[in-house]
Protein chains: 2
Amino acid sequence: MASHRPTLDELLAQLRARGQRATTARRAVLAELLAAGDTHLTADELARRIHAEHPAIHLSTVYRTLDALAAAGLIVVARFADQPLTYHLAGDVHHHAVCTTCGDTINLPVRVLAPLRRRLLRDHGFDADPRHLTITGTCAGCRAGQG
Amino acid sequence: MASHRPTLDELLAQLRARGQRATTARRAVLAELLAAGDTHLTADELARRIHAEHPAIHLSTVYRTLDALAAAGLIVVARFADQPLTYHLAGDVHHHAVCTTCGDTINLPVRVLAPLRRRLLRDHGFDADPRHLTITGTCAGCRAGQG
DNA sequence: CTTGATGCAAATGGTTTGCATGTTT
DNA sequence: AAACATGCAAACCATTTGCATCAAG
């Protein structure tokens, strides 16, 4: 039920299974995404981290790699407000609640949205994708702070 | 409770009430947003329509006007996937369900999300903003079409 | 008349692309 | 060897900004 965290080799195997090649750049991107855990990273952040080990890997390659990984279903893309796109492994499926006051992102368990999904399907025939649901609002801390 | 559709003059009065000036450009933008009804328009689409009557109004002015209107709370901004920002009058509060297959946007009544909002508030202390909720997924038509 | 809004052109910044070269299969 | 991935530089496109001018209060 809950997806276990895959190893780097498993991810690369999945990539190959979809006809994609396992290159140094892709290994590096996946390794950083694994290391990031639940955190969402931008292409630029990924490139910066990768450069510690592989200074030659170009930002545009990171973008192309991320596109390939997303097409293969290994990662999920999320956009928060006007910030750059962020990426995380698809295993970590969750919803996003972004606080417009402090900018923090809260990962909500899929469960929370399950009733809504059922309702949308029943009443509107709309099959909501649980990977791309972002809610903006005010988090508990900021609500308290502002009275 | 349900917001009635305001007139152009009412909107301009609201603008003035917030210390903003009522200029030709702002009148033109608001007029087009009123004419658009539930439809979401991009800055570029607005500029194009406005140019029919006022060819001199520059796209950058449309952007600045939209910023001012949003700051004054008269309009709401929504971003769908990677497309340009879209704008609509704040009176039309609704949620957005975007079909990733056909690209269509369905406006959902606020009611639909009310239980979720209550739950987020109760369980996570998160006060969701009903104006900025976008759900992606597959609409009824596309689900049928693809079996 | 004073402040804020506009037109224009130029900058910005994230992301994409063309092409020649390098790497994986 | 063939197909695909990469580095680099340049393009792209939505949006923003500096500045001189204009219009609303």
Side-chain angles (χ1 to χ4, degrees), chain A residues 8-9 11-32 40-51 53-72 74-87, chain B residues 8-9 11-32 40-51 53-72 74-87:
Chain A
L8 182 51
D9 284 338
L11 290 170
L12 289 169
Q14 286 181 47
L15 240 201
R16 284 221 190 73
R18 325 254 163 140
Q20 305 262 20
R21 291 178 179 179
T23 68
T24 310
R26 286 156 184 211
R27 193 183 315 266
V29 168
L30 284 171
E32 289 302 337
H40 307 84
L41 296 175
T42 66
D44 196 67
E45 285 163 350
L46 276 165
R48 225 183 283 292
R49 295 177 186 205
I50 288 169
H51 284 168
E53 280 282 304
H54 308 276
I57 294 182
H58 200 271
L59 177 58
S60 69
T61 299
V62 173
Y63 275 108
R64 280 192 275 226
T65 298
L66 290 168
D67 286 350
L69 296 177
L74 291 187
I75 67 175
V76 168
V77 190
R79 156 160 263 143
F80 302 132
D82 293 332
Q83 277 143 245
L85 292 169
T86 62
Y87 306 83
Chain B
L8 181 50
D9 284 339
L11 290 169
L12 289 169
Q14 286 180 49
L15 239 200
R16 284 220 191 73
R18 326 253 163 140
Q20 305 261 21
R21 290 181 181 176
T23 68
T24 310
R26 287 158 185 207
R27 193 184 314 267
V29 168
L30 284 172
E32 289 301 337
H40 307 83
L41 296 176
T42 66
D44 195 67
E45 286 163 349
L46 276 165
R48 224 181 285 291
R49 295 177 187 205
I50 288 169
H51 285 168
E53 279 283 304
H54 308 277
I57 294 182
H58 199 271
L59 176 59
S60 70
T61 299
V62 173
Y63 275 109
R64 281 191 275 226
T65 297
L66 290 168
D67 285 350
L69 296 178
L74 292 188
I75 66 174
V76 168
V77 190
R79 157 159 262 144
F80 302 131
D82 293 333
Q83 278 142 242
L85 292 170
T86 63
Y87 306 83

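Every chain is numbered from 1, with letters handed out A, B, ... down the list of sequences. Only heavy atoms go into these numbers, but all of them, side chains included; no hydrogens, no water, no symmetry mates.
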In this structure, CG of B:L74 is separated from OH of B:Y87 (nearest 0.5 Å) by 14.5 Å
Is the shortest side-chain N/O distance from B:T23 to OP1 or OP2 of C:dT6 below 4.0 Å?
-> yes
Listed nucleotide nearest any side-chain atom of B:L59, set C:dT23, D:dT15, D:dC8 = D:dT15
So what does A:S60 hit on the nucleic acid, given a heavy-atom distance under 4.0 Å: a base, only sugar-phosphate, or nothing?
-> base
Choosing from D:dG7, C:dT6, C:dT3, which nucleotide comes nearest the side chain of B:R21?
-> C:dT3
Provide, to the nearest angstrom, the distance between the CG atom belonging to A:L66 and the P atom belonging to D:dA5.
-> 14 Å
What about B:R26: does its side chain form a donor-acceptor pair under 3.5 Å with the base of C:dA5?
-> no
Nearest-nucleotide pick for A:A22, side chain only, options being C:dT16, C:dT6, C:dT25 = C:dT25
From B:R48 CZ over to B:E45 CD, what is the distance, rounded to the nearest 0.5 angstrom?
-> 8.0 Å
Starting at atom NE2 of B:H58, determine the distance to atom P of D:dA20, rounded to an integer number of angstrom.
-> 17 Å
Closer to the 5' end of DNA chain C via nearest nucleotide, is it B:T65 or B:D82?
-> B:T65
Length of the line joining B:D44:CG and D:dT16:C1', which is rounded to integer Å = 15 Å
Dump the intermediate steps for side chain to side chain contact (heavy atoms under 4.5 Å, CB included) on B:V29 and B:I57, then the final yes or no.
-> CA-CA 10 Å; B:V29 168; B:I57 294 182; 5.9 Å; no
Heavy atoms under 4.0 Å, any strand shown: does A:R64 hit a base, just sugar-phosphate, or nothing?
-> base
Is the shortest side-chain N/O distance from B:R16 to OP1 or OP2 of D:dG25 below 4.0 Å?
-> yes
Any side-chain N or O of A:T61 less than 4.0 Å from the OP1 or OP2 oxygen of D:dG7?
-> yes
May I ask you to say what A:A43 touches in the nucleic acid, namely base, sugar-phosphate or nothing, with a heavy-atom cut-off under 4.0 Å?
-> nothing
How close or far is atom C1' of D:dA14 from atom CD of B:E45, stated in whole angstroms?
-> 13 Å
Supply the atom-to-atom distance B:D44 CG to B:R49 CZ, rounded to the nearest 0.5 angstrom.
-> 11.0 Å
Output, in order, the C-alpha distance, side-chain angles, deciding distance and verdict of side chain to side chain contact (heavy atoms under 4.5 Å, CB included) for B:T42 and B:Q83.
-> CA-CA 9 Å; B:T42 66; B:Q83 278 142 242; over 6 Å; no
Atom CZ of B:R27 and atom P of D:dA23 are separated, to the nearest Å, by 15 Å
Under-4.0 Å side-chain N/O to phosphate OP1/OP2 contact, B:Q20 with C:dA5 | yes
Nearest-Å distance for atom pair CG/P, residues A:L15 and C:dT25 | 10 Å
Length of the line joining A:H51:NE2 and D:dG7:C1', which is rounded to integer Å | 11 Å
I would like to know whether A:V77 and A:L66 meet side chain to side chain contact (heavy atoms under 4.5 Å, CB included); could you show each step before the answer?
-> CA-CA 9 Å; A:V77 190; A:L66 290 168; over 6 Å; no
Using a cut-off of strictly less than 4.0 Å, decide whether B:Y63 has a side-chain nitrogen or oxygen near OP1 or OP2 of D:dT15.
-> yes
Ignoring the backbone of B:R79, work out which of C:dT25, D:dT15, C:dG14 is nearest its side chain.
-> D:dT15
In whole angstroms, how far is the P atom of C:dG22 from the CD1 atom of A:I57?
-> 17 Å
